[in-house]
Amino acid sequence: MPNTLPPCSILILAGGRGQRMGGRDKGLVPWRGEPLVAHVQRAVRALSDNLVISCNRNQAAYAAYADQLVGDAEADFPGPLAGVISGLKVARHEWVVVLACDAPLIDRALIEALLALAVSHDSPAMVRQGGYWQPMFSVLPRRLLPLLEQAWLEGERSLQKALLQASVLGLECVEDDPRLSNFNSPDLLHD
């Protein structure tokens, strides 16, 4: 990571119920001989000494890929916003990179560009792809936690809507950028 970027925590969201995967834990579904989370972890491991995985099951399996594990405060898989809130509470650094466990093609260059954008403007940053926000590729300052907690208390469950209550910068990516591919259904796992 360039010297101009501060330390960051990495938060990998793996707490979903995996409905589109037939109930399987997406992060642990094998692809190219390894669980999806292993590919994401390898891409970001060198960027942080604080890799947090938000998971609500299979903690023993995820522990091999994380420095810390965190679960949602509420049962029944309440969604990524709950995972982000839990992750921000335990993150050790001011800046937190948020990624999905099912994006195994993510690379360090994209993460560094997103982090640089956020830090240089002292603002949350999120990927925009083809005009759409991609909240599962974000960099957030920990100080956003009270805003997200308030949104949750007011009934918001959409991570994107909660984040967009803040002034968020967009990192524009082309529509077919393979690094942003989410492997969220079994048919996408074939090479």
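Values below: every heavy atom of this structure, side chains too, minus hydrogens, waters and symmetry copies.
Although no hydrogens or angles enter the test, the distance criterion places a donor-acceptor pair under 3.5 Å between the side chain of Ser120 and the main chain of Leu117. The backbone N or O of Ala118 sits nowhere less than 3.5 Å from a side-chain atom of Ser123 that would complete a donor-acceptor pair. Under a 3.5 Å cut-off, the side chain of Glu156 and the backbone N or O of Ser158 do form a donor-acceptor pair. Distance alone, capped at 3.5 Å, places no donor-acceptor pair between the Ser54 side chain and the Gly87 backbone. At least one donor-acceptor pair closer than 3.5 Å links the side chain of Asp107 to the backbone N or O of Leu110.
Just one of Val98, Leu11, Val97 meets the side-chain contact (heavy atoms from CB on, under 4.5 Å) condition when paired with Leu140; it is Val98.
Here the closest non-hydrogen pair linking Ser48 and Cys8 is OG-O, 2.5 Å. Minimum interatomic distance between Asn182 and Ala103 (heavy atoms only, all atoms of both residues): ND2-CB, 4.3 Å. In plain terms, the two heavy atoms of Val40 and Ala100 that are nearest each other are CG2-O, 3.8 Å. The two residues Leu148 and Ala162 come nearest to each other via the heavy atoms CD2-CB, 3.8 Å.
The CD atom of Glu149 lies 10.5 Å from the CG atom of Leu144; values are rounded to the nearest 0.5 Å. Here CD of Gln134 is found 5.0 Å from CD of Gln129. Values are rounded to the nearest 0.5 Å. Here CD1 of Ile85 is found 9.0 Å from CG of Leu159. Values are rounded to the nearest 0.5 Å. One finds the SG atom of Cys101 at 5.0 Å from the OH atom of Tyr62 (value rounded to the nearest 0.5 Å). A distance of 11.0 Å separates CZ of Arg108 from CG of Leu115, quoted to the nearest 0.5 Å. Taken from CD in Gln41 to CD1 in Ile53, the straight-line distance is 7.0 Å, to the nearest 0.5 Å.
Atom CD of Glu175 is surrounded by 12 or fewer heavy atoms from other residues, nucleotides or ligands within 6.0 Å.
The side chain to side chain contact (heavy atoms under 4.5 Å, CB included) search around Asp67 returns Arg45, Leu51, not counting sequence neighbours.
Looking at heavy atoms from C-beta onward, Lys89 lies out of side-chain contact with Val70 at the 4.5 angstrom threshold. When side chains are defined from C-beta on, Pro124 counts as touching Pro141, because their heavy atoms get closer than 4.5 Å. The shortest distance between side-chain heavy atoms of Leu13 and Pro80 falls below 4.5 Å. The shortest distance between side-chain heavy atoms of Val168 and Trp133 falls below 4.5 Å. Counting heavy atoms from C-beta on, the side chains of Val52 and Val96 never come closer than 4.5 Å. Looking at Leu88 and Val84, their side chains come closer than 4.5 Å, going by heavy atoms from C-beta outward. Looking at heavy atoms from C-beta onward, Asp49 lies in side-chain contact with Arg92 at the 4.5 angstrom threshold. Put simply, the side chain of Arg42 reaches to within 4.5 Å of the side chain of Glu34, judged on heavy atoms.
Screening residues 160-169 for side-chain hydrogen bond (donor to acceptor under 3.5 Å, both in side chains) gives no qualifying pairs among residues at least two apart or on separate chains. Residue pairs meeting the salt bridge (Lys or Arg N to Asp or Glu O under 4.0 Å) criterion with at least one partner in residues 116-126, sequence neighbours excluded, are Asp122-Arg143.
Using a 4.0 Å cut-off between a side-chain N of Lys or Arg and a carboxylate O of Asp or Glu, Glu94 and Arg142 do not qualify as a salt bridge.
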Quick one: do Leu47 and Ile111 satisfy side chain to side chain contact (heavy atoms under 4.5 Å, CB included)? Show the steps, please. CA-CA 9 Å; Leu47 296 173; Ile111 302 302; 3.5 Å; yes

Checking side chain to side chain contact (heavy atoms under 4.5 Å, CB included) for the pair His39/Trp31: CA distance, chi angles, key distance, verdict? CA-CA 9 Å; His39 298 274; Trp31 181 66; 3.6 Å; yes

Starting from the C-alpha separation in whole Å, work towards a yes-or-no answer on side chain to side chain contact (heavy atoms under 4.5 Å, CB included) for Tyr65 and Ile12. CA-CA 10 Å; Tyr65 303 101; Ile12 299 175; over 6 Å; no

Under the criterion side chain to side chain contact (heavy atoms under 4.5 Å, CB included), I'd like the reasoning laid out for Ser138 against Leu163: C-alpha separation, chi angles, the key distance, then a yes or no. CA-CA 10 Å; Ser138 302; Leu163 290 175; 4.0 Å; yes

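The side-chain tip of Arg157 points at the ring of Trp152 from less than 6.0 angstrom away and within 45° of straight on.
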